[in-house]
Amino acid sequence: AQSVAQPEDQVNVAEGNPLTVKCTYSVSGNPYLFWYVQYPNRGLQFLLKYITGDNLVKGSYGFEAEFNKSQTSFHLKKPSALVSDSALYFCAVRDMETGGFKTIFGAGTRLFVKA
Amino acid sequence: DSGVTQTPKHLITATGQRVTLRCSPRSGDLSVYWYQQSLDQGLQFLIQYYNGEERAKGNILERFSAQQFPDLHSELNLSSLELGDSALYFCASSVGVQSEAFFGQGTRLTVV
């Protein structure tokens with residue numbers, strides 16, 4: 001079975017500092033990986049995805065993620081955090097065993113950026 | 001605005017009742033996904049349709065059912081509601097399996 005894990009419930013970082021939100025996955029084939037962000041009382045918003053190609057993927061709002069096949073990780077990063085980045089972040093993997101129609105989400109990591 | 005429309009935004013109903021949640025996907029998107037988000041269980045995949053056909057099923061209760069209509073809008077039916085069904089229900093749509101999903105604003109269901 002395919003799965004995705006976000007080992008940290010919460011990440012705290014000071015504004016201006018780099019941030020990392022961790023994600024590891026388990027799939028049987030090639031992974032399709034995604035990051036989403038959820039602001040309070042809002043739906044999830046797509047940040048970036050990895051399907052194939054360069055291991056470093058750039059996305060919205062200055063975020064990027066690094067795909068590491070040997071470590072089965074897809075950590076979300078940003079060089080300089082903003083207070084407005086405070087939100088709930090979800091990593092997701094698309095289950096290609098079922099034809100790619102089922103996307104499995106991690107439990108989410110709450111990011112707090114302090115001014 | 002993601003382009004995915006969910007109605008209603010809020011719903012309060014009593015235990016034992018039945019409700020229908022509606023989703024209109026983004027124009028051109030053939031896939032529709034339904035998720036349940038509760039405080040203690042995170043985002044749970046319920047069911048997915050592609051161009052009118054059910055393609056994947058998650059942890060969806062037998063009391064719940066869904067369908068996607070020829071015009072591609074989808075409905076999630078929840079029956080014999082229990083207090084534990086109170087949650088935020090999200091619909092999302094995508095063009096295909098390699099595409100990211102776009103989420104609606106959700107329907108907040110409160111069962112009293």
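Every chain is numbered from 1, with letters handed out A, B, ... down the list of sequences.
Note on residues 2-15 of chain A: pairs passing side-chain hydrogen bond (donor to acceptor under 3.5 Å, both in side chains), not counting sequence neighbours, are A:Q2-A:D95, A:Q6-A:T109, A:Q10-A:N12. Sequence neighbours left out, the pairs with a member in residues 71-96 of chain B that pass ring-ring contact (aromatic ring centres under 6.0 Å, His included) are B:F69-B:H73.
Taking hydrophobic clusters as Ile, Leu, Val, Met, Phe, Trp and Tyr residues chained together by side-chain heavy-atom distances below 4.5 Å, A:V11 shares a cluster with A:Y39. The cluster map of Ile, Leu, Val, Met, Phe, Trp and Tyr, joined by side-chain heavy atoms under 4.5 Å apart, puts A:Y32 and A:I104 in different clusters. Residues A:V93 and B:I47 do not share a hydrophobic cluster, defined by chaining ILVMFWY side chains whose heavy atoms lie under 4.5 Å apart. Cluster annotation: B:W34 is connected to B:I60 through the hydrophobic network of ILVMFWY side chains, with a link wherever side-chain heavy atoms come within less than 4.5 Å. Side-chain heavy atoms closer than 4.5 Å link hydrophobic residues (I, L, V, M, F, W, Y) into clusters, and following such links, even through other members, never connects A:V4 to A:I51.
The neighbour count for B:D71 CG, taken as heavy atoms of other residues, nucleotides or ligands under 6.0 Å away, is above 12. In B:N59, the CG atom is not crowded: 12 or fewer heavy atoms of neighbouring residues, nucleotides or ligands sit closer than 6.0 Å.
Contacts with chain B were tallied for A:Q45, A:Q38, A:R42, A:R94; A:R94 has the most, counting heavy-atom pairs under 4.5 Å.
Residue contact with chain A, scored on non-hydrogen atoms closer than 4.5 Å, involves the backbone and the side chain of B:A101 alike. B:S2 does not touch chain A: none of its heavy atoms, backbone or side chain, sits under 4.5 Å away. Of the atoms belonging to B:Q6, not a single heavy atom falls under 4.5 Å from chain A. Proximity to chain B involves both the backbone and the side chain of A:L44, based on heavy atoms less than 4.5 angstrom apart.
At a heavy-atom separation below 4.5 angstrom, chain A is approached by B:F103, B:G104, B:Q105, B:R108 within residues 102-109 of chain B. Within residues 11-20 of chain B, no residue has any heavy atom under 4.5 Å from a heavy atom of chain A.
Here CG of A:L88 is found 9.0 Å from CG of B:L43. Values are rounded to the nearest 0.5 Å. A distance of 8.0 Å separates OG in B:S94 from CZ in A:F34, rounded to the nearest 0.5 Å. How far CD of B:E100 is from CG of A:L47: 11.0 Å, rounded to the nearest 0.5 Å.
Remark: of the listed residues B:Y33, B:Y35, B:F45, B:Y35 is the sole one forming a ring-ring contact (aromatic ring centres under 6.0 Å, His included) with A:F105.
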